[in-house]
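Shown next, in structure tokens, is the structure this report addresses.
A quick note: this is a predicted structure, and the numbers were derived from the prediction, not measured. Chain identifiers are assigned alphabetically (A, B, ...) following the order of the sequence lines, protein sequences preceding nucleic acid strands; residue numbering begins at 1 within each chain. Just the heavy atoms: all of them, side chains too, but no hydrogens, waters or symmetry mates, feed the values below.
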Amino acid sequence: MPAARRLPAGARSRAATVVDRLAAEYPDAACALVHGDPLQLLVATILSAQCTDERVNLVTPGLFRRYPDAAAFASADAAELEEAIRSTGFFRSKTRAIIEMSQDLVARYGGRVPDRMEDLVTLRGVGRKTANVVLGVAFGRPGLAVDTHVTRLAGRLRLTASTDPVEIERDVCAIVPASEWTALSLRLILHGRRVCQARRPRCPECVLNDICPSAQLPAVAPGRVRAGR
DNA sequence: ATCCCGAGGG
DNA sequence: CCCTCTGGAT
């Protein structure tokens with residue numbers, strides 16, 4: 001029996017509120033990684049690990065001109081590619097990932113990016129988070145990309161009791177309609193960057209502070225203000 | 001010092 | 001489960 005991990009009390013109703021309010025707050029939430037096709041999005045998403053999307057967008061225009069398709073990436077000189085993406089960090093592992101992934105795309109998928117999760121995650125350097133971004137943004141297929149922000153917000157909002165990304169994905173997907181998954185990921189990420197920050201969350205400015213079990217609000221001023229402190 | 005739209009390997 | 005990989009911003 002799949003030990004039905006239970007969701008935190010009230011998770012469903014909180015999730016519904018989160019979906020509605022974030023949609024109102026960020027109606028135009030979109031993937032910020034500049035790309036022109038699924039392969040470019042895949043490469044940009046790999047580059048975005050531990051790096052802001054803004055800095056990824058600084059290197060990708062030149063990168064995509066130099067390597068216009070999977071075949072070009074597949075036959076790239078590693079040292080040259082490393083240099084081109086150095087500023088995004090983790091450049092050795094990212095270079096390996098991009099080259100080996102592209103060789104795989106050429107050998108097994110005709111140089112095109114597959115549009116199924118089970119195929120995407122077999123590619124070197126592609127995990128569920130990256131796969132869900134590509135599925136949702138490039139192919140319009142529902143997917144909840146669980147990154148550091150989604151992990152943090154889902155935990156603070158008690159939409160899940162788990163800290164494991166795969167279980168978070170399952171928990172949140174279980175209580176949110178599939179039609180909302182992709183937009184919800186993007187909005188949680190945006191909200192995590194702007195408001196629900198890792199170190200110092202701006203709870204007083206948060207549109208979810210009334211339903212968030214983790215919200216830390218300044219004590220409401222009592223009727224009579226006491227001096228001192 | 002801590003964090004940024006992670007994934008592979010031990 | 002843990003660790004490692006990397007640079008840049010704050």
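- Contact annotation: A/R152 side-chain N/O to B/dC4 OP1/OP2 distance is under 4.0 Å.
- Counted within 6.0 Å of CZ on A/R112, heavy atoms from surrounding residues, nucleotides or ligands total 12 or fewer; the atom is thus considered open.
- Side chain of A/R92, nearest nucleotide from B/dC5, C/dT6, B/dC4: C/dT6.
- Here the CG-CG distance, from A/D171 to A/L7, works out to 5.0 Å after rounding to the nearest 0.5 Å.
- Comparing B/dC5, B/dG9, C/dA9 by their nearest atom to the side chain of A/R124 picks out B/dG9.
- The stacking criteria are not both satisfied for A/F91 over the base of C/dG7, which would need a centre-to-centre distance under 5.5 angstrom and an angle between ring planes under 30 degrees.
- In this structure, the separation between CD on A/E80 and OH on A/Y67 is 3.5 Å, given to the nearest 0.5 Å.
- Here B/dC5 is the nucleotide among B/dC3, B/dC5, C/dT6 with the atom lying nearest to any side-chain atom of A/H149.
- Using atom P as the reference point in both B/dG9 and C/dT6, the two lie 13 Å apart (nearest Å).
- Taking CG of A/L153 as the reference point, atom CZ of A/R156 lies at 7.0 Å (rounded to 0.5 Å).
- Side-chain polar atoms of A/R170 and A/S162 form no donor-acceptor pair below 3.5 angstrom.
- Nucleotide B/dC5 holds its C1' atom 11 Å from the CG atom of A/L41, rounded to whole Å.
- Rounded to an integer number of Å, the gap from CG of A/L42 to C1' of B/dC5 is 14 Å.
- Taking the six-membered ring where the residue is Trp, A/F64 and A/F73 present perpendicular rings, their angle passing 60° and hence far from 30°.
- Under the stacking criterion of a centre-to-centre distance below 5.5 angstrom and an interplanar angle below 30°, A/F90 is not stacked against the six-membered ring of C/dT6.
- C/dT6 atom C1' lies 16 Å from atom CD1 of A/I46, rounded to whole Å.
- At the heavy-atom level, A/A32 lies under 4.0 Å from base atoms of the strands shown.
- At a threshold of 4.0 angstrom between heavy atoms, the contacts of A/R193 include nucleobase atoms, whether or not backbone atoms are also involved.
- Where A/T130 and A/R199 meet DNA chain B, the nucleotide closest to each residue was compared, and A/R199 sits on the side nearer the 5' end.
- Close to B/dC4, at under 4.0 Å from its OP1 or OP2, lies a side-chain N or O of A/T148.
- Listed nucleotides: B/dC4, B/dC5, C/dG8. Nearest to the side chain of A/Q50: B/dC4.
- Distance A/R96 CZ to C/dT6 P: 11 Å, rounded to the nearest Å.
- Between A/D164 and A/T52, it is A/D164 whose nearest contact on DNA chain C lies nearer the 5' terminus.
- Annotation: B/dC5 and C/dT4 have their P atoms spaced 24 Å apart (nearest Å).
- Of the side-chain N and O atoms in A/R86, one or more sit less than 4.0 angstrom from OP1 or OP2 of C/dG7.
- For A/E169 and B/dA7, the CD to P distance is 11 Å, given to the nearest whole Å.
- What separates CD1 of A/I99 from C1' of B/dA7 is a distance of 17 Å, to the nearest Å.
- In this structure, CG of A/L190 is placed 14 Å from P of B/dC4, rounded to the nearest angstrom.
- A/V56 comes within 4.0 angstrom of no nucleic acid atom, judged by non-hydrogen atoms across all strands.
- Annotation: C/dC1 and B/dC4 have their C1' atoms spaced 24 Å apart (nearest Å).
- Regarding A/L123, its CG atom lies at a distance of 18 Å from the P atom of B/dG6, rounded to whole Å.
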